[in-house]
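Structure first, then comments.
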Amino acid sequence: MAELSQSVRLEHDGDVALVVVNNPPVNALSWHVRQGLFDGMAAAVESGASAIVVICDGRTFIAGADISEFGGGAPEAAGLHEVQAAMEDAPVPVIAAIHGTALGGGLEVALCAHYRVALDSAKFGLPEVNLGLLPGAGGTQRLPRLTGVPKALEMMTSGRHIGAEEASACGLIDEAVAGDVDALRAAAVAFAGRAVAENLPLAKVRDRDDKVAEHRGDEQVFADFRASIARKTRGFLAPEYNIQCVEAAANLPFEEGLAVERRLFGELMTGPQSAAQRYYFFAERAANKVPGIGKDTPKIPIERAGVLGAGTMGGGIAMNFANAGIPVTIVERDQDALDRGLAVVKKNYERSRTSTPESVAARMALITGSTDKADFADCDIVIEAVFEDMDLKKSIFTELDAICKPGAVLASNTSALDINEIASVTSRPESVIGLHFFSPANVMKLLEVVRGDATSDEVIATSMALAKTIGKIGALVGVCHGFVGNRMLFQRSLEANSIILEGATPAQVDRVLYDFGFPMGPFAMSDLAGLDIGWKAETSTGDTVRDLMNESGRKGQKNGRGYYTYDPETRAATPDPEVEAMIAEFAAGKGHEQRDVTDDEVLERCLYAMVNEGAKILEEGIAIRGSDVDVVWVNGYGWPVYRGGPMHWADSVGLAEVVEKVRHYAETVGGRQWELSPLLERLAAEGGSLASYSN
Ligand code: 3HC
Ligand code: NAI
């Protein structure tokens, strides 16, 4: 055995050389890995090896370029293209032996081996698009040459990881092996022996032409593909750039295609979208870490869950547990409500694209309905999702305290209420926590984990781990009205509702925010949720536009009339002049002068009010880090990830500019939301950053 670099070594098995990468946690292509691989090719040949296997220690094959080196700063070392050329041009067969995930630059390295052998559990993908990039090491040219154009388009624009079976079927790998890493190593060495014995060609993917030739000059295949992903990729640059690279692969010689890849990669890498998406990659991983809580903090095993309330949220929350294979008991106040709730859950499962009658039955079998809270007695966690009413929640937690076993986690899905007050009625406030899911709870990725003053580390650690188990991104926040997400949303709603009294229309506000990248604006959102939720005719004061809408029978999409009118067939929204006139008259009655509100003002007021509130949230220690605020907004509220999140975005605009605008609106508009956050003011003065601020 010989060390080639700090993370790569050379071994021999008979006359086959093994170049082994060991760069935990994911064998990313850090500078010493590249240098080791490069030197490894020469050293293997020099040692007289008849073939070379490239294989990795640990849990995975190379999972990509080292993203932390993207900003620069790594020592000089062999470039990825040099490593790849050394592999392709080796005078003996090079076999990539793949386990875990071969992603990004890792798959691109494997594409430069002459053959690929993988465990049947391995996964393959080019996820660069999720970092606002495209594969920059020849992957855009080599993948289509192996798999064909349609498959490459789909993989590169979605970033999807495919399994070994699919990879075999599309020609990406040459052999799939059952078993563990030792079996993989033995199979790769055996493959190498066969390659030598049978004198197999030193196949270079770059020389393949058959699969790309099929679509040479075929503009239609690309036009159709663009149309098929247009809605999902609106606003993102990287998917389109990936498509252009595959077009180049189909239409140009390899080297010219590489030049297109290099140019477009450079544009993305130096642009703001990829900077935001790379920032976000680490933000999401940081959110999972809680200072003071480590791997050794004990966790409560969650083997059985309970959910109280089978309404909009309760049903979706229960689905998360069933999807993770955890049995869940769902309790409602009466049989009718329970039946209704369970029917919705079943319908949701049936509607899923990939469901079969068997899969629906298997999921439903994990969900037990009941009308008796005593059935929570053996649950390790109970999540309450009844109406948003403090007195009701307190009486429920008093009951749960009496019923649930000692040590069980008692959680509330409240959107805004005080977790400390809820915990105060129990004999075990250390077990009480907020688990704030987002609607639809079986789909939305975010879980705000709300720590009360008394919540124990064990319960926090359990909740953060649970988030991962059920496929959510957990962000730990503190108690305040609305926590992080809704507290900032309230500020945006306040501004949106003021602006429409000053002359902007709901459609204008929605358009500005949609163009910024949100899936929909606040008024379209209200129409979708239902304007009548929580509104009662008896208590209406007629004081807000929402009262006005309800009083005139406008409930939103559900009755086809809200801020917009909706086509009964297509549900297409049309701005309604009657609504605009109603709002103008209402505003005049309140003494608001009507004026032209510019799109810039709409954007600034909606978003800077949020940023200012986000800074106050940080200042109060409600969020641990600025990047956690961004994780909340990207996963819970549809903030476009290519703008990083409100904190990253504010940094990119310039905090001094934000402060100036907050001061301007404090003078011209006024209100608590425009009282400048001292933290924001300080960071702007110091040239600091909100996104990297940490408590
Ligand atoms: N570079 C640097 N660090 C990386 C990394 C990478 N490519 N991929 C993962 N890490 C780090 C994570 O930050 C994390 O660090 P931490 O423990 O200090 O927080 C650690 O590795 C483990 O990562 P996860 O928590 O995500 O572990 P999982 O087991 O859940 O997932 C994974 C593993 C599927 C490999 C996932 O980490 C992943 O998807 N990584 C990114 C893969 C990727 O995007 N590759 C393409 C990179 S761009 C590229 O290759 C450009 C090329 O075309 C030139
Ligand atoms: P919902 O009205 O759809 O469902 C509440 C359910 O609780 C109803 O089915 C009701 O019958 C049941 N219930 C009421 N009292 C009960 C009792 N004593 N015992 C058993 N069941 C009882 O309400 P939704 O929207 O599901 O909200 C539930 C909670 O989740 C609220 O605290 C809400 O603030 C919060 N939330 C709601 C979100 C949303 O978008 N709807 C998002 C995030 C949180």
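Both ligands and their constituent atoms are indexed starting at 1 by order of listing. Computation of the quantities below employed the complete heavy-atom set of this structure, encompassing side-chain atoms and omitting hydrogens, waters and symmetry-equivalent molecules.
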Under 4.0 Å, heavy atoms only, figure out whether ligand 1 is touched by the backbone of [X], its side chain, both or neither.
X    : answer
L131 : side chain
A63  : both
V26  : side chain

Please confirm whether the backbone N or O of [Y] pairs with a side-chain atom of [X], one donor and one acceptor, at under 3.5 Å?
X    : Y    : result
T297 : A461 : no
S526 : P522 : yes
E108 : G139 : yes
D389 : L392 : yes
N27  : T60  : yes
H99  : G58  : yes
R145 : Q141 : yes
N323 : M319 : yes

Taking 4.0 angstrom as the limit and counting only heavy atoms of [X], give me the atoms of ligand 1 inside it, by number and element.
X    : answer
E108 : 52 (C), 53 (O), 54 (C)
G64  : 45 (N), 50 (O)
G104 : 46 (C), 50 (O)
G105 : 49 (C), 50 (O), 52 (C)

Indicate whether the side chain of [X] and that of [Y] have a donor and an acceptor atom separated by less than 3.5 Å.
X    : Y    : value
T140 : E261 : yes
Q84  : E88  : no
D375 : S370 : yes

Can you find a non-hydrogen atom of [X] under 4.0 Å from ligand 1?
X    : value
R59  : yes
K289 : yes
P135 : yes

From the options [options], select the one whose nearest heavy atom is closest to [atom].
atom                    : options               : result
atom 54 (C) of ligand 1 : S30, G136, S274, G106 : G136
atom 44 (O) of ligand 1 : A28, P127, P25, A286  : P127
atom 3 (N) of ligand 1  : F61, F282, F70        : F282
atom 2 (C) of ligand 1  : D66, L126, I62, L133  : D66

Would one find an N or O of [X], backbone or side chain, under 3.5 Å from an N or O of ligand 2?
X    : answer
E384 : no
T414 : no
V386 : yes
M313 : yes
K373 : no

Subset of ligand 2 atoms that lie under 4.0 Å from at least one heavy atom of [X]:
X    : answer
K393 : 31 (C), 32 (O)
F387 : 2 (O), 5 (C), 8 (C), 10 (C), 14 (C)
H436 : 43 (C), 44 (C)
G311 : 3 (O), 4 (O), 6 (C), 9 (O), 26 (O)

Close side-chain approach of [X] and [Y], heavy atoms under 4.5 Å:
X    : Y    : value
L476 : I460 : yes
L134 : L264 : yes
D527 : L531 : yes
I396 : L308 : yes
K393 : E421 : no

(request) Kindly say whether the aromatic ring centers of Y637 and F438 come within a distance under 6.0 Å. (result) yes
(request) Indicate, as side chain, backbone, both or neither, the part of F438 found under 4.0 angstrom from ligand 2 when only non-hydrogen atoms are considered. (result) neither
(request) Just let me know how L308 lines up against ligand 2, side chain, backbone, both or neither, with a heavy-atom cut-off below 4.0 Å. (result) side chain
Which residue owns the protein heavy atom closest to [atom], what's the atom, and how far is it?
atom                    : value
atom 20 (C) of ligand 2 : R333 N, 3.4 Å
atom 40 (N) of ligand 1 : F281 CZ, 3.6 Å
atom 1 (N) of ligand 1  : I67 N, 2.9 Å
atom 43 (C) of ligand 2 : F437 O, 3.1 Å
atom 18 (N) of ligand 2 : I396 CD1, 3.6 Å
atom 39 (O) of ligand 1 : L103 CD1, 4.0 Å
atom 12 (C) of ligand 2 : E332 OE2, 3.2 Å
atom 36 (N) of ligand 2 : S415 OG, 3.3 Å
atom 7 (N) of ligand 1  : A65 O, 2.8 Å

(message) Would you say CE of M464 has more than 12 non-hydrogen atoms from neighbouring residues, nucleotides or ligands within 6.0 angstrom?
(response) yes
(request) Answer with yes or no whether A385 contacts ligand 2, where contact means a heavy atom under 4.0 Å from a ligand atom. (result) yes
Heavy atoms of the protein only: does one fall short of 4.0 Å from [atom]?
atom                    : value
atom 23 (O) of ligand 2 : no
atom 13 (O) of ligand 1 : yes
atom 30 (O) of ligand 1 : no

(message) Distance to the ring centre below 6.0 angstrom and angle to the axis at most 45 degrees; does that hold for R492 and F490?
(response) no
(request) Identify the residue among I383, N413, T414, V450 that makes a side chain to side chain contact (heavy atoms under 4.5 Å, CB included) with L435. (result) I383
(message) Distance check, rounded to the nearest 0.5 Å: K123 atom NZ versus I98 atom CD1?
(response) 13.5 Å
(message) Let me confirm one number: the CD-CZ distance from E448 to F437, rounded to the nearest 0.5 Å.
(response) 12.0 Å
(request) Kindly confirm or rule out an N or O of E128 lying under 3.5 angstrom from an N or O of ligand 1. (result) yes
(request) State whether the shortest distance between N or O atoms of R285 and N or O atoms of ligand 1 falls below 3.5 angstrom. (result) yes
